[in-house]
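Every number for a ligand or one of its atoms is a count from 1 in the order of the listing. Predicted, not measured: the structure shown is a model, and the values here were computed from it.
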Amino acid sequence: MHTAMTLTDELPQEERARVDADDAYRKFLARLSHQSVVKHYDAYADIPWDDPAYAIDPEDPRFELMADDALGATAWYRSQPAPVRARLGLHTIATFARIGWQFESVLKRGILEYALRLPEDSPEFRYCYHEVIEEAQHSLFFHEFVRRTGLQVRPPRILGLADRQVVGFGKRFPELFFFFVLAGEDPIDYSQRHMLQHKKDLHPLVERISRIHITEEARHMAFARHFLRRRVPHIRGVKLFLLRLRTMGVMKVASMMMTRPSGHVIRTYGIPRAVLKEAYGPGSRSEEFIKRALFKPRELCWELGVLNERWAPLWKRLRIYAPQGSPV
Ligand SMILES: [Fe+2]
Ligand SMILES: [Fe+2]
């Protein structure tokens with residue numbers, strides 16, 4: 001019986017595997033790009049900002065921190081008057097939104113740097129632009145949310161220190177750049193899912209924004225993971241050392257920013273040092289939350305050898321370590 005030979009059948013096995021992998025990668029990117037066309041959101045058309053039910057009152061008890069939140073669980077927080085608890089909770093959400101759009105600004109610029117250097121036939125180009133457009137919509141709704149709280153919000157200073165350098169990694173060291181992407185996106189995603197799942201009587205605006213964000217971020221993280229699985233196994237020597245070192249640092253910084261209140265919030269509400277230690281110090285509730293929030297990117301580090309037994313002691317010292325396969 002005659003069997004049709006395809007072009008790839010004639011290639012040596014190794015080469016054929018590469019072509020097959022390239023083909024699967026193209027199909028994956030085409031699927032993601034298609035999803036960005038049929039399932040995407042507009043920051044203004046798809047959020048009813050002016051619906052009275054969506055109005056923000058800083059003393060709305062629905063903004064209070066969750067009972068299992070590191071700070072929300074402290075006796076100090078629970079002893080505050082109800083309006084202060086609500087305002088502090090809203091301030092925390094607004095600070096995360098502020099961090100979110102600043103992080104997305106770095107992300108968009110880095111992706112544009114990466115896309116600028118892609119060859120004409122690269123299927124990544126189109127997907128990268130979909131991602132930039134989606135991030136721009138997210139920044140619009142994060143910004144609009146912060147504006148409507150009427151609160152003064154200052155992001156942690158550390159965020160602005162290395163942003164140009166990280167953008168440059170989009171061009172010079174995309175593997176490190178996409179680990180930076182995951183270190184930011186994964187913990188945010190984890191926190192948002194946790195909130196949707198466990199917070200009773202969620203404010204509808206917070207819920208709407210979180211649901212849109214979770215839907216679109218799933219694509220961004222899937223892209224970053226595929227990209228890293230393809231590229232990291234080819235990295236060797238000094239570059240691999242730098243990738244291991246910097247990815248670990250990025251994970252630590254990103255997780256701290258996404259879980260701790262900013263210095264500005266600490267000063268505004270006079271949160272005592274002892275309370276911060278109780279909530280965020282060694283062995284705290286927050287430490288466990290961070291480890292869980294970092295589970296997926298950390299697993300990818302294990303899988304790709306960016307984290308291994310030799311590097312484990314350093315991850316332990318930074319309190320972001322968990323054995324492979326374990327969330328904590
Ligand atoms: Fe985003
Ligand atoms: Fe994203």
Item to complete: Answer yes or no: is there an ion pair linking K108 with E104, defined by an N-O contact shorter than 4.0 Å?
Response: no
Discussion item. I'd like to know whether the aromatic ring centres of F178 and F223 sit less than 6.0 Å apart in this structure.
Written reply: yes
Discussion item. Could you enumerate the protein N, O or S atoms under 2.8 Å from the Fe ion (ligand 1), written like residue then atom name?
Written reply: E104 OE2, E135 OE1, H138 ND1, H213 NE2, E217 OE2
Practice prompt. Considering only NZ, NE, NH1 and NH2 on the basic side and carboxylate oxygens on the acidic side, decide whether D69 and R285 come within less than 4.0 Å.
Written response: no
Practice prompt. Would you check if the distance from the ring center of H91 to the ring center of Y269 is below 6.0 Å?
Written response: yes
Discussion item. Between S36 and R219, is there a side-chain donor-acceptor contact under 3.5 Å, judged purely by atom types and distance?
Written reply: yes
Worksheet item: Among pairs that include at least one residue of residues 237-248, which meet side-chain hydrogen bond (donor to acceptor under 3.5 Å, both in side chains), considering only residues two or more places apart or in two chains?
Response: none
